[in-house]
Amino acid sequence: MEAKVIYFTVNGRPEQAEFPVNCPAQDVKDLFRSAAEAGPHDILKLYNPKGNIINISPSLEPNSPNLCYKLEVVAADCNSEPLGAELAGALGFDLSSMEKRLQGLEKKILIEAGETPAVVYEMKKQVDSFREKLESVEHLSWLGLFKDLSEGTLKPSPFYHKRTLRKTREECEHVREKFLQMSSLEVSEEVRQYLKTPTFDNCVDVETVSQLSLRIILHYRRWMAVYSLSCVFVCLCRQWEDAEIMVLLQVMYTDLEFITTFNIEPEVLQQFLFEVYRRYNNIPFHNFKHCFCVTQMMYGLIWLTDLRSKMDSVDLLIMLTSAVCHDLDHTGYNNAYQINARTELALRYNDISPLENHHCAVAFEILERTESNVFRNLSLDQYKRIREGIIKCILATDMSRHNEILNKFKSILPTFDFTNKDHRDVLMMILIKVSDISNEARPMEVAEPWLDCLLQEFFNQSDVEKLEGLPVTPFMDRDKVTKPSSQTGFIRFVLMPLFIELANLFPCLEQHIIDPVRKALDYYTEMEKALETEQQNRAQSENAAKNKEVTPAGGRRDSRTDGGPDGGKPAAQ
């Protein structure tokens, strides 16, 4: 399918958008809105190299990096308090208070009616239409549309690091005890082989996989227990115990021969894995099970692409450990929230990848302790290289750097050389990015529950953003996003371009990660069409019901408003 590539800058930062020539207009706008990290009510303006404003649409003329377009978020800087106050005084009411009141009324209507009335959808459409008109004019005087963000943002948000997200001491000790009891386990060859596979056959359903259950024989003192585990990747089809996950992570380090190569004591590895478990929070998506899924995908890719023969053990150790640590102490609120809410992390890291920097810091906080430092027997040079590599990999998971890293990989791909350190570094970043967002490469019965968890986390953030008066992240707004709409654009514009480039280097990945993602795109496209049809049918039904209630000129009134058979007062009883 023919695609367009558009080069543009946002606040001086180079960006690149790629979309099919027949892409829907809204998808193109959402692509630019995401690149600018703009809120749903922010106004975007795109200028050509001559400084003329142009429309953001699929008909945009392809350009080159030397002739970039310039994208501006006109309503992003909302610190014009005097102008806002002046306008509020002229209007006779506070716009911010009015907006909060309207949001409250809308929620009340939703609770009482059970669904958002059609008239509200119509009003929102009119607002969106008005915003589009504002985006197409060269000058703006409607400064009152700018949301004032100054109130309540001078100190870290109270929603940052809620105590309830932390695991309790009792919970951790219980898992620790179980894990240590399982430390002398024997793992069957079947388990080891499944663990090395990025995905299993989509034709095998969950029930069949369950029948092929793999057995881990656990020996502890006088008793022996048989744990029946479904296929390694079906993390959500059966709620695995956290202790079991730590066992499987330990197997990965053992089977890649890290224990012997780097002289890692078993008890130190166990303490490291326990500390990692302890520092993943109880949140819907970015939790310890997500850590396992990402690490298992990385482990599977290492085996499937035969990286052991192409890269040395230090690089492999960097990649696996980076996957284990990549989301440590995530609280469920992304970088845009951290920056807009001026949280402790955003202030500490100067708005530069605050979450990813924090994940790195927590990882090396764990590794600073002698009892959990799996690198403590390495030379200084080895440790320095590993630390540099882990930081580089974890920082690469910041999605705001997606285009930068992917473009760099594409540029070196034609002459890729495994003996070139720069080439290997970029590949390592690509591999952790693929692993991090690989859910859609898994069978639908695994991927879809994970998507539900992700949306739950997204919606929670957008609810907090509305409550705190912050810009609402567009793809997290429960009032605008549906399950299929959240995935179709993401798969088209993010997943597929990334996975295809990796498969260009490793053709064996085509059937393992690209074919499942294509099926996922078809699945969500059909779901989106079905949802649109349902909404159209509902709108037609509502219109028909309204028409029945309207009395035509010269005609008979609806029987519900008639007093009786004669259309007058009720008939005598």
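In this chain, numbering begins with 1 at the start of the sequence shown.
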Next on the checklist: Checking the side chain of Asn281 only, and the main-chain atoms of His330 only, is there a donor and an acceptor separated by less than 3.5 Å?
Outcome noted: yes
Checklist entry - Would a 4.5 Å heavy-atom cut-off, applied to side chains only, mark Leu505 and Thr305 as touching? => result no
Checklist entry - Sequence neighbours excluded, which residues qualify as side-chain hydrogen bond (donor to acceptor under 3.5 Å, both in side chains) partners of Ser400? => result Asp398
Checklist entry - Can you find a pair of side-chain heavy atoms, one from Gln338 and one from Asn334, that are under 4.5 Å apart? => result no
Checklist entry - Residues in side chain to side chain contact (heavy atoms under 4.5 Å, CB included) with Lys483, at least two apart? => result Glu448, Leu451, Asp452, Leu455, Tyr524, Met527
Item to check | With sequence neighbours excluded, residues passing side chain to side chain contact (heavy atoms under 4.5 Å, CB included) with Ser541 | outcome: none
Next on the checklist: Let me confirm one number: the CD1-CG distance from Ile437 to Leu498, rounded to the nearest 0.5 Å.
Outcome noted: 5.0 Å
Next on the checklist: Are the side chains of Val5 and Pro62 in contact, using a 4.5 Å heavy-atom criterion?
Outcome noted: no
Next on the checklist: Which residue is it: Tyr47, Phe32, Tyr69? I am looking for the one with a ring pair (Phe, Tyr, Trp, His ring centres under 6.0 Å) to Phe8.
Outcome noted: Phe32
Checklist entry - Sequence neighbours excluded, which residues qualify as side chain to side chain contact (heavy atoms under 4.5 Å, CB included) partners of Ile500? => result Met496, Asn504, Ile514
Checklist entry - So, Thr397 side chain and Ile394 main chain: donor-acceptor pair closer than 3.5 Å or not? => result yes
Next on the checklist: Pair Asn66, Tyr7 - check side chain to side chain donor-acceptor pair (under 3.5 Å), show working.
Outcome noted: CA-CA 9 Å; Asn66 297 327; Tyr7 297 91; over 6 Å; no
Checklist entry - Asn350: what forms a side-chain hydrogen bond (donor to acceptor under 3.5 Å, both in side chains) with it, not counting sequence neighbours? => result none
Next on the checklist: Is there a side-chain contact between Leu427 and Leu502 in this structure, where contact means two heavy atoms from C-beta onward sitting under 4.5 Å apart?
Outcome noted: yes
Item to check | Residue pair Phe458 / Phe285, side-chain heavy-atom distance below 4.5 Å | outcome: no
Item to check | Any residue meeting side-chain hydrogen bond (donor to acceptor under 3.5 Å, both in side chains) with His359, in chain and number order, not counting sequence neighbours | outcome: Asp327
Checklist entry - Counting N and O atoms only, with roles assigned by atom type, does the side chain of Arg424 sit under 3.5 Å from a partner on the main chain of Asp417, one being a donor and the other an acceptor? => result no
Checklist entry - How would you list, by chain and number, every residue that makes a side chain to side chain contact (heavy atoms under 4.5 Å, CB included) with Ser59, sequence neighbours excluded? => result Ser57
Next on the checklist: Determine whether Phe490 and Leu495 satisfy the following criterion, side chain to side chain contact (heavy atoms under 4.5 Å, CB included), listing intermediate values before the conclusion.
Outcome noted: CA-CA 6 Å; Phe490 181 72; Leu495 277 190; 3.7 Å; yes
Next on the checklist: Does either side chain, that of Ser485 or that of Thr482, offer a donor lying less than 3.5 Å from an acceptor on the other one?
Outcome noted: yes
Next on the checklist: Less than 6.0 angstrom from the centroid, inside 45 degrees of the normal: does Arg387 satisfy that with respect to the ring of Phe364?
Outcome noted: yes
Checklist entry - Can you name the nearest heavy-atom pair linking Leu44 to Val73, along with the distance? => result CD2-CG2, 3.8 Å
Checklist entry - Hey, is Asp515 close enough to Lys519 for a salt bridge, meaning N to O under 4.0 Å? => result no
Checklist entry - Checking side chain to side chain contact (heavy atoms under 4.5 Å, CB included) for the pair Val324/Met298: CA distance, chi angles, key distance, verdict? => result CA-CA 10 Å; Val324 169; Met298 176 68 83; over 6 Å; no
Checklist outcome for this item: Across all chains, not counting sequence neighbours, the salt bridge (Lys or Arg N to Asp or Glu O under 4.0 Å) partners of Lys310 are none
Checklist entry - Please walk me through it: do Gln456 and Asn460 pass side chain to side chain donor-acceptor pair (under 3.5 Å)? => result CA-CA 6 Å; Gln456 183 183 346; Asn460 178 60; over 6 Å; no
Checklist entry - Just by distance, with hydrogens left out, do Gln461 and Glu465 show a side-chain donor and acceptor under 3.5 Å apart? => result yes
Checklist outcome for this item: Ala323 and Ile432 have their tightest heavy-atom pair at N-CD1, 3.9 Å
Checklist entry - Checking side chain to side chain contact (heavy atoms under 4.5 Å, CB included) for the pair Ile53/Leu46: CA distance, chi angles, key distance, verdict? => result CA-CA 6 Å; Ile53 191 167; Leu46 188 66; 5.9 Å; no
Checklist entry - Would you say the side chain of Lys4 lies within less than 4.5 Å of the side chain of Glu18, judging by non-hydrogen atoms? => result no
Next on the checklist: Does Glu344 form a side chain to side chain donor-acceptor pair (under 3.5 Å) with Tyr349? I'd like the steps, not just the answer.
Outcome noted: CA-CA 9 Å; Glu344 176 191 335; Tyr349 296 111; over 6 Å; no
Item to check | Check against side chain to side chain contact (heavy atoms under 4.5 Å, CB included), Ile430 and Glu501 | outcome: CA-CA 9 Å; Ile430 288 292; Glu501 293 305 326; over 6 Å; no
Checklist entry - Between Ser322 and Cys393, which heavy-atom pair has the shortest distance, and what is it? => result OG-CB, 3.5 Å
Item to check | Inter- and intrachain pairs under ring pair (Phe, Tyr, Trp, His ring centres under 6.0 Å), touching residues 422-441, at least two apart | outcome: Phe416-His423
Item to check | Closest approach of Ser462 to Arg478 (non-hydrogen atoms, all atoms of both residues) | outcome: OG-N, 3.9 Å
Item to check | From OG (Ser64) to CD1 (Ile6), nearest 0.5 Å | outcome: 10.5 Å
Next on the checklist: Angle between ring planes, Trp450 versus His290, binned at 30° and 60°: parallel, tilted or perpendicular?
Outcome noted: perpendicular
Checklist entry - Does Glu388 reach the side chain of Arg385, with side-chain heavy atoms less than 4.5 Å apart? => result no
Checklist entry - Would you call Arg13-Glu37 a salt bridge at under 4.0 Å N-O? => result no
Item to check | Partners passing ring pair (Phe, Tyr, Trp, His ring centres under 6.0 Å) against Phe493 (at least two apart in sequence or in another chain) | outcome: none
Checklist entry - Does Glu532 have any side-chain hydrogen bond (donor to acceptor under 3.5 Å, both in side chains) partners at least two apart in sequence or in another chain, and if so, which? => result none
Could you list the donor-acceptor pairs under 3.5 angstrom formed between side-chain atoms of residues 405-413 and any protein atom two or more places apart in sequence or on another chain?
unit_1: Asn407; atom_1: ND2; unit_2: Gln16; atom_2: OE1; d: 2.7
unit_1: Asn407; atom_1: ND2; unit_2: Asn403; atom_2: O; d: 3.0
unit_1: Ser411; atom_1: OG; unit_2: Lys408; atom_2: O; d: 2.6

Item to check | Where Ser353 and Leu395 come nearest, the two heavy atoms and their spacing | outcome: CB-CD2, 4.5 Å
Checklist entry - Under 4.5 Å between any side-chain heavy atoms of Leu301 and Leu509, yes or no? => result yes
Item to check | Minimum heavy-atom distance Pro58-Val21, with the two atoms named | outcome: CB-O, 4.1 Å
Next on the checklist: Is it the case that the side chain of Asp27 and the backbone of Cys23 share a donor-acceptor pair, with hydrogens and angles ignored and the cut-off at 3.5 Å?
Outcome noted: no
Item to check | salt_bridge(Glu72, Lys70) N-O dist < 4.0 Å | outcome: yes
Item to check | salt bridge (charged side-chain N to carboxylate O under 4.0 Å, His left out) between Arg342 and Asp351, worked out | outcome: CA-CA 9 Å; Arg342 302 182 189 177; Asp351 294 352; over 6 Å; no
